[in-house]
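Working notes for the structure below.
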Number of protein chains: 2
Amino acid sequence: MTISEENYIKVIYHLSLVSPKGVNTNAIAGMLDTKASSVTDMLKKLSDKDLVSYQKYQGVTLTDKGFFSAKMIVRKHRLWEVFLVDKLGFSWDEVHEIAEELEHIKSEQLINKLDAFLGFPVADPHGDPIPDAKGVIKKIEKQLLSEVEINASFHCVGVKDSSTDFLKYLDKQKIALGSVVKVIDREDFDDTLTVEIDGKRLTISNKIANNLYVQ
Amino acid sequence: MTISEENYIKVIYHLSLVSPKGVNTNAIAGMLDTKASSVTDMLKKLSDKDLVSYQKYQGVTLTDKGFFSAKMIVRKHRLWEVFLVDKLGFSWDEVHEIAEELEHIKSEQLINKLDAFLGFPVADPHGDPIPDAKGVIKKIEKQLLSEVEINASFHCVGVKDSSTDFLKYLDKQKIALGSVVKVIDREDFDDTLTVEIDGKRLTISNKIANNLYVQ
DNA sequence: TTTTATTTTTAGTTTTGTCTAAATTTAATT
DNA sequence: AATTAAATTTAGACAAAACTAAAAATAAAA
């Protein structure tokens with residue numbers, strides 16, 4: 001697989017999680033910042049290689065082979081992110097771009113040794129699950145902070161939005177994965193939350209709460 | 001720079017060390033397993049980018065800019081090799097190919113953090129020097145085992161040939177970087193050496209001695 | 001159910017890096 | 001110095017992955 005093919009497979013994988021019946025050409029083009037016509041060309045190629053099933057105008061789904069390939073790419077991406085943060089001292093908002101390159105390094109032995117070196121982590125620095133060598137993904141129990149009951153405590157376990165802006169906001173508020181959040185109150189009018197983190201009161205907008213996973 | 005351009009620059013760098021007045025088109029083609037006509041095309045492009053100075057039929061040399069780029073690629077290659085051996089447990093004959101891919105990962109911050117993580121190593125697993133972030137290469141004092149005086153002791157500090165076959169031969173004979181070699185005798189007829197390593201007598205052909213650096 | 005709008009595909013180009021085959025330049029030999 | 005051999009370059013073509021513009025199919029609206 002070329003780097004370009006891998007990028008398509010990965011994007012189709014992520015979009016499949018949202019629309020499992022079939023992924024649109026335009027959606028893929030949007031994610032890859034390319035044109036619909038380029039996507040059509042590539043879908044034909046991926047279909048010839050039996051990585052996707054594709055019927056003109058009907059959207060595309062991954063075959064078993066494509067699904068496994070996608071999980072291996074995601075595995076590599078997330079393991080490298082763990083390496084960058086845990087071993088090299090990058091912050092969680094700096095690692096995505098570099099991992100986008102590292103995920104295309106080919107050696108299977110490399111990734112399995114890296115996995116062992118990192119202690120077989122089950123989640124990346126943003127709380128996203130890491131597929132194991134067989135492609136099995138351990139489901140991480142989680143709820144959005146916007147949807148939990150009030151008067152209870154939770155651990156932060158992940159973020160839905162991994163944008164730099166959001167991650168930097170969390171850094172500023174000293175919210176990290178593992179932080180304990182006690183939900184004090186929810187405002188009826190706009191769903192703003194009052195929470196307590198490390199004994200400190202904090203007001204959190206619904207948009208924030210809607211992008212933070214807790215357990 | 002594209003991956004392909006980086007590969008050309010790297011090859012020209014290595015060949016320059018042997019023929020500093022100018023590197024031949026065919027030599028480059030041989031190293032990259034490509035055709036002379038492809039090399040000519042690329043030399044024009046590299047020349048336009050001011051990475052090499054190139055005059056038709058006259059061979060090619062690196063500009064200062066090209067020379068620095070080359071050293072940064074070599075730096076990345078060798079640092080990744082150290083990582084693979086020291087941290088992930090690869091053996092020294094397994095790392096070249098993987099490092100060939102890793103050397104093209106772009107982030108400068110990444111490579112400097114990796115350097116620090118590895119403890120600022122000065123040589124890779126084969127004893128080759130690692131350029132620092134400014135491109136400075138600390139010269140490693142070394143002689144070929146084939147050229148040292150007899151009745152003296154040395155440390156193995158590097159290999160000239162990094163082929164799997166040679167490295168596996170050294171593994172079999174329990175010769176590693178750091179091993180102490182005492183040169184007992186040299187046969188006049190074919191320059192075969194009798195040496196002592198870890199108290200064990202060993203006969204070594206001239207071809208072997210000619211590819212092992214000691215100090 | 002037509003008509004309109006949107007999405008997707010086709011057809012034809014472009015760029016990058018490669019190739020083959022032919023032409024040219026340099027080097028070696030008689 | 002002329003001829004042959006080797007190395008190098010040019011010219012033209014191709015595959016991969018992208019693009020633009022136009023055509024076709026599907027979905028939405030009147």
Side-chain angles (χ1 to χ4, degrees), chain A residues 1-13 15-16 18-62 66 69-70 73 100-101 103-104 106, chain B residues 1-16 18-62 66 69-70 73 100-101 103-106:
Chain A
M1 267 214 260
T2 66
I3 289 178
S4 190
E5 287 169 351
E6 290 193 341
N7 283 332
Y8 274 90
I9 288 294
K10 187 184 53 166
V11 160
I12 294 167
Y13 170 79
L15 291 171
S16 299
V18 184
S19 36
K21 330 157 193 179
V23 176
N24 293 333
T25 301
N26 265 349
I28 298 169
M31 293 280 280
L32 286 170
D33 204 29
T34 185
K35 294 291 147 70
S37 55
S38 307
V39 175
T40 301
D41 287 346
M42 183 57 92
L43 292 183
K44 285 180 192 161
K45 196 194 306 184
L46 295 175
S47 182
D48 288 345
K49 291 194 173 188
D50 195 34
L51 290 161
V52 302
S53 31
Y54 166 61
Q55 310 261 77
K56 276 194 203 179
Y57 298 102
Q58 301 311 128
V60 69
T61 54
L62 292 172
S69 301
I73 299 165
E100 287 282 298
E101 291 190 59
E103 75 189 4
H104 300 295
K106 299 260 170 305
Chain B
M1 268 215 259
T2 66
I3 290 177
S4 190
E5 286 169 350
E6 289 193 342
N7 284 332
Y8 274 91
I9 288 294
K10 187 185 53 167
V11 160
I12 295 167
Y13 170 80
H14 287 305
L15 291 171
S16 299
V18 184
S19 37
K21 329 153 192 183
V23 176
N24 294 333
T25 301
N26 266 348
I28 299 169
M31 294 279 281
L32 286 170
D33 203 31
T34 184
K35 295 290 147 69
S37 56
S38 307
V39 175
T40 301
D41 287 344
M42 183 57 92
L43 292 183
K44 285 178 191 162
K45 194 193 306 186
L46 295 175
S47 183
D48 289 345
K49 291 194 172 187
D50 196 34
L51 290 161
V52 303
S53 30
Y54 166 63
Q55 310 261 78
K56 275 195 206 180
Y57 298 102
Q58 300 312 126
V60 69
T61 55
L62 292 172
S69 300
I73 299 166
E100 287 282 299
E101 290 190 60
E103 75 190 3
H104 300 296
I105 304 293
K106 299 258 169 309

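Proteins come first, then strands; the chains are lettered A, B, ... in the order of their sequence lines, and each starts at number 1.
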Just list the side-chain donor-acceptor pairs under 3.5 Å for residues 24-44 of chain A, sequence neighbours left out, or say none.
from: A:Thr40; atom 1: OG1; to: A:Ala36; atom 2: O; distance (Å): 3.2

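Mapped onto DNA chain D by nearest heavy atom, B:Thr25 and A:Thr2 fall at different nucleotides, with B:Thr25 at the one closer to the 5' end.
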Could you check B:Ile12 against B:Leu46 for side chain to side chain contact (heavy atoms under 4.5 Å, CB included), going step by step and ending with a plain yes or no? CA-CA 11 Å; B:Ile12 295 167; B:Leu46 295 175; 4.3 Å; yes
Could you walk me through whether B:Lys10 and B:Glu100 pass the side chain to side chain contact (heavy atoms under 4.5 Å, CB included) test, one step at a time? CA-CA 11 Å; B:Lys10 187 185 53 167; B:Glu100 287 282 299; 3.0 Å; yes
Run the numbers on B:Val52 and B:Ile9 for side chain to side chain contact (heavy atoms under 4.5 Å, CB included), then give the verdict. CA-CA 8 Å; B:Val52 303; B:Ile9 288 294; 4.1 Å; yes
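Look at CE on B:Met42: it is 11 Å from P on C:dC19, rounded to the nearest Å. Distance, A:Lys44 NZ to D:dA16 C1': 15 Å, rounded to whole Å. Between B:Gln55 atom CD and D:dT8 atom C1' there is a gap of 14 Å when expressed in whole angstrom units. Following rounding to the nearest Å, B:Tyr54 (OH) and D:dT8 (C1') show an atom-to-atom distance of 7 Å. C:dT10 atom C1' lies 14 Å from atom CG of A:Leu43, rounded to whole Å. If you measure from atom CD of B:Glu5 to atom P of C:dT18, you get 10 Å, rounded to the nearest angstrom. Counting to the nearest Å, the P atom of C:dT7 and the CG atom of A:Asn24 are 9 Å from each other.
Exactly one of A:Leu62, A:Leu15, A:Val18 qualifies for a side chain to side chain contact (heavy atoms under 4.5 Å, CB included) with A:Val23. That residue is A:Leu15.
Taking side-chain N and O atoms only, A:Asn26 has a distance below 4.0 Å to OP1 or OP2 of C:dT8. Taking 4.0 angstrom as the limit, B:Lys56 places none of its side-chain polar atoms (N or O) nearer than this to OP1 or OP2 of C:dT26.
With sequence neighbours excluded, no residue forms a salt bridge (Lys or Arg N to Asp or Glu O under 4.0 Å) with B:Glu101.
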What does the B/S/- profile of nucleotides 19-25 of chain D look like, 5' to 3', with a 4.0 Å heavy-atom cutoff to protein? BB---BS
